[in-house]
Amino acid sequence: MAAGCERMVHPTITGVGERLRQRRFIGVMLAAPFLAAGAAVTLVTSSLGAAVTMAAIFTAFGLCWFAALLVAASGRMALAGRAALVLGGLALAGAIFSAGGLASPIALLALALPFEAWWIGGSRRAALCGALSALGAVLL
């Protein structure tokens, strides 16, 4: 998948570090909906029904893949990265709520947001933004 994501990075991005950040972001945005879809099937179907589950799955795929396409087409990651972090926090809050609160193992996914933000951004500031997003999800 790394080679495919490398081809999706905008050709005007020539810096090695920025190409790596965009490649990682695009890869995460292409893969994240599969995790969200699995969580939606197991957590949402029993309480809200199949129609809402399908809507949640299609929304996750559409938003994540649109963010990846936006970065690949424009070469700018600032807005899409912030939006993905905020929406990831909201999705995590919904998953924690659907799973029964902080006592469920789903709450451990809050650790993924700071790690992924650090991995993609490569800075302490990115990790702090991810940690704030995870904290917001837990508080919600």
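Along the sequence shown, residues carry numbers from 1. Everything numeric here is computed off the predicted structure, so don't read it as measured data.
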Which heavy atom of [X] sits nearest a heavy atom of [Y], and at what distance?
X	Y	value
Ala137	Gly89	CB-O, 3.2 Å
Ala126	Gly121	CB-CA, 4.0 Å
Ser133	Leu113	OG-CD1, 3.8 Å
Leu85	Gly130	CD2-N, 3.8 Å

Got [X] and [Y] here, is their nearest side-chain heavy-atom distance under 4.5 Å?
X	Y	answer
Val71	Arg76	no
Leu30	Cys64	no
Thr14	Arg19	no
Leu140	Leu90	yes
Arg21	Glu18	yes

What's the spacing between [X] [atom1] and [Y] [atom2] if we round to 0.5 Å?
X	Y	atom1	atom2	value
Ile106	Ile96	CD1	CD1	8.0 Å
Ile120	Arg23	CD1	CZ	12.0 Å
Arg24	Glu116	CZ	CD	11.5 Å
Ile13	Ser74	CD1	OG	8.0 Å

Shared hydrophobic cluster for [X] and [Y] (ILVMFWY, side-chain gaps under 4.5 Å):
X	Y	answer
Val52	Leu63	no
Leu109	Leu132	no
Val9	Leu70	no
Phe115	Phe25	yes

Any chance you could lay out the side-chain contact (heavy atoms from CB on, under 4.5 Å) test for Leu92 and Val138, step after step, and finish with the verdict?
CA-CA 8 Å; Leu92 178 63; Val138 168; 5.6 Å; no
Remaining members of hydrophobic cluster (4.5 Å side-chain criterion), Leu20
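Hydrophobic cluster check, Leu20: no partners found.
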Any donor-acceptor pair under 3.5 Å from [X] side chain to [Y] backbone:
X	Y	value
His10	Ala73	yes
Ser104	Gly101	yes
Ser98	Gly94	yes

Going by the ring-ring contact (aromatic ring centres under 6.0 Å, His included) test, which pairs reach into residues 62-97, not counting sequence neighbours?
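The answer is Phe61-Trp65.
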Apply side-chain contact (heavy atoms from CB on, under 4.5 Å) to Leu128 and Trp118, showing your working.
CA-CA 8 Å; Leu128 179 62; Trp118 168 79; over 6 Å; no
